[in-house]
**Q** 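Supplied in structure tokens, the structure appears directly below.
In this text, all values refer to a predicted model and were calculated from it rather than measured experimentally. Just so you know, ligand 1 is whichever comes first in the structure, and atom 1 is the first atom listed for that ligand.
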Amino acid sequence: MLSTIFAVLFYLATAVLAVGLVYKIRLYARTPAPLKIPTTPAPVTRPGVFARMFREVAFFESLFKSNKWTWLFGWVFHIAMLLVVLRHLRYFTEPVWFWVNWVQPFGKYAGFAMLAGLIALWGRRFVVERIRYISGPSDHLMLILLVGIAASGLMMKYVAHTDIVAVKAFALGLLRLNPQPLPADPVLLIHLGLVLVLLFVFPFSKLLHAPGVFFSPSRNQVDNAREKRHLAPWAAELDNEQQSSGVGG
Ligand code: HEM
């Protein structure tokens with residue numbers, strides 16, 4: 001019964017995540033950027049923009065320039081989470097891909113780094129007055145959710161072990177549309193329950209900054225306003241209409 005509920009919820013959550021993300025990304029892609037507003041100094045070529053975007057996504061460059069502590073905690077948290085998630089691929093692949101095996105030892109310690117980064121980011125929302133003032137409930141709730149996922153994962157790893165062979169059978173069963181039983185260990189159920197909440201809320205939350213960064217005009221525009229006239233598509237249409245009706249100069 002429990003296994004069926006979790007299986008159904010995982011399918012539902014994946015559907016909500018996929019549809020929600022496609023919807024939001026289409027919305028971002030269609031939002032007009034009528035002005036040339038790259039944050040300067042900005043690249044003057046397309047490959048330059050590509051390199052800038054890469055530095056932003058891989059190293060959080062603009063955050064590094066603005067606040068070293070937030071950068072340190074944020075970067076450590078994100079890289080550690082990436083390692084943890086890659087390590088989890090062993091539950092979803094059979095045979096396990098060779099490079100997922102390589103990640104295992106790092107991923108194990110990354111769990112602690114992820115939790116430490118999250119706690120530091122959360123602490124900052126209480127300790128730094130300016131940040132406390134602008135922190136809303138969703139800022140705290142997202143951090144609590146991620147802390148809960150990391151803490152319950154570490155609990156399973158080091159304190160209250162679960163049957164990871166059975167967990168893998170459950171995960172593969174979901175992928176193969178052949179649901180398998182899930183161990184009824186409380187910490188595992190908390191871990192997976194919180195992951196489900198994360199999947200459900202992701203498309204409606206501030207966590208959308210992950211796909212959103214690619215659509216930020218201040219980062220993705222080429223600084224060529226003097227060489228090339230910038231026209232948003234709707235403005236170009238207006239331009240054409242005015243020219244054909246002889247209005248305007
Ligand atoms: C956003 C997604 C997830 C995050 C951030 C996350 C995080 C973590 C962390 C930090 C740990 C402790 C360190 C480690 O063993 O790697 C862990 C362990 C664990 N997680 Fe997750 N997890 C996620 C999704 C899942 C899912 C979908 C499953 C089920 C297939 C799962 C099952 C487990 C298990 C069984 C352990 C214990 C590993 C062991 O005892 O060796 N996690 N998780």
**Q** Considering only protein heavy atoms, which is closest to atom 13 (C) of ligand 1, and at what distance to one decimal place?
**A** Leu154 CD2, 4.1 Å
**Q** In this structure, are over 12 heavy atoms from other groups packed under 6.0 Å from Glu227 atom CD?
**A** yes
**Q** Quick check: Phe214 with His209 (ring centres under 6.0 Å apart)?
**A** no
**Q** Of all the non-hydrogen atoms in the protein, which one sits nearest to atom 12 (C) of ligand 1, and at what distance?
**A** Gly153 C, 3.3 Å
**Q** For ligand 1, which atoms have a heavy atom of Leu192 less than 4.0 angstrom away?
**A** 26 (C), 28 (C), 29 (C), 31 (C)
**Q** Report the part of Leu146 in contact with ligand 1, treating N, CA, C, O as backbone and CB onward as side chain, heavy atoms under 4.0 Å; options are side chain, backbone, both, neither.
**A** neither
**Q** Identify, by name, the N, O or S atom of His191 lying closest to atom 21 (Fe) of ligand 1.
**A** NE2
**Q** From atom 6 (C) of ligand 1, work out which of Val85, Leu145, Val195, Ile149 has a heavy atom at the shortest distance.
**A** Ile149
**Q** Count the heavy atoms of every other residue, nucleotide or ligand shown that sit under 6.0 Å from OH of Tyr23, and state whether that count exceeds 12.
**A** no
**Q** Report the nearest protein non-hydrogen atom to atom 1 (C) of ligand 1: residue, atom name, distance rounded to 0.1 Å.
**A** Leu198 CD2, 3.7 Å
**Q** Decide whether the shortest distance between a heavy atom of Phe92 and an atom of ligand 1 is less than 4.0 Å.
**A** yes
**Q** So which of Phe98, Trp99, Phe106 actually passes ring-ring contact (aromatic ring centres under 6.0 Å, His included) with Trp102?
**A** Phe98
**Q** Which heavy-atom pair separates Trp71 from Phe59 by the least distance, and what is that distance?
**A** NE1-O, 2.7 Å
**Q** When you check the gap from the basic side-chain N to the acidic O, do Arg52 and Glu61 get nearer than 4.0 Å?
**A** no
**Q** Could you find the nearest protein heavy atom to atom 9 (C) of ligand 1 and give me its residue, atom name and distance?
**A** Val84 CG1, 3.7 Å
**Q** Assess Gln104 for proximity to ligand 1: is some non-hydrogen atom of it under 4.0 Å away?
**A** no
**Q** Return a yes/no value for His88: is any of its N or O atoms, backbone included, closer than 3.5 angstrom to an N or O of ligand 1?
**A** yes
**Q** Taking 4.0 Å as the limit for heavy-atom contacts, which would you say applies to Arg87 with ligand 1: side chain only, backbone only, both, or neither?
**A** side chain
**Q** Who's the nearest protein heavy-atom neighbour of atom 39 (C) of ligand 1, and how far?
**A** Lys157 CD, 3.8 Å
**Q** If you count the atoms of ligand 1 from 1 in the order shown, which ones are under 4.0 Å from a heavy atom of Met114?
**A** 5 (C)
**Q** Where is the tightest heavy-atom contact between His161 and Met156, given as atom of each residue plus distance?
**A** ND1-O, 3.1 Å
**Q** Can you tell me if Glu56 and Ser62 form a side-chain donor-acceptor pair at under 3.5 Å?
**A** yes
**Q** Is it the case that the side chain of Asp139 and the backbone of Gly136 share a donor-acceptor pair, with hydrogens and angles ignored and the cut-off at 3.5 Å?
**A** yes
**Q** Provide the closest heavy-atom pair for Ser138 versus Lys206 in the form atom of the first, atom of the second, distance.
**A** OG-CD, 4.1 Å
**Q** Counting both backbone and side chain atoms, is some N or O of Tyr91 under 3.5 Å from an N or O of ligand 1?
**A** no
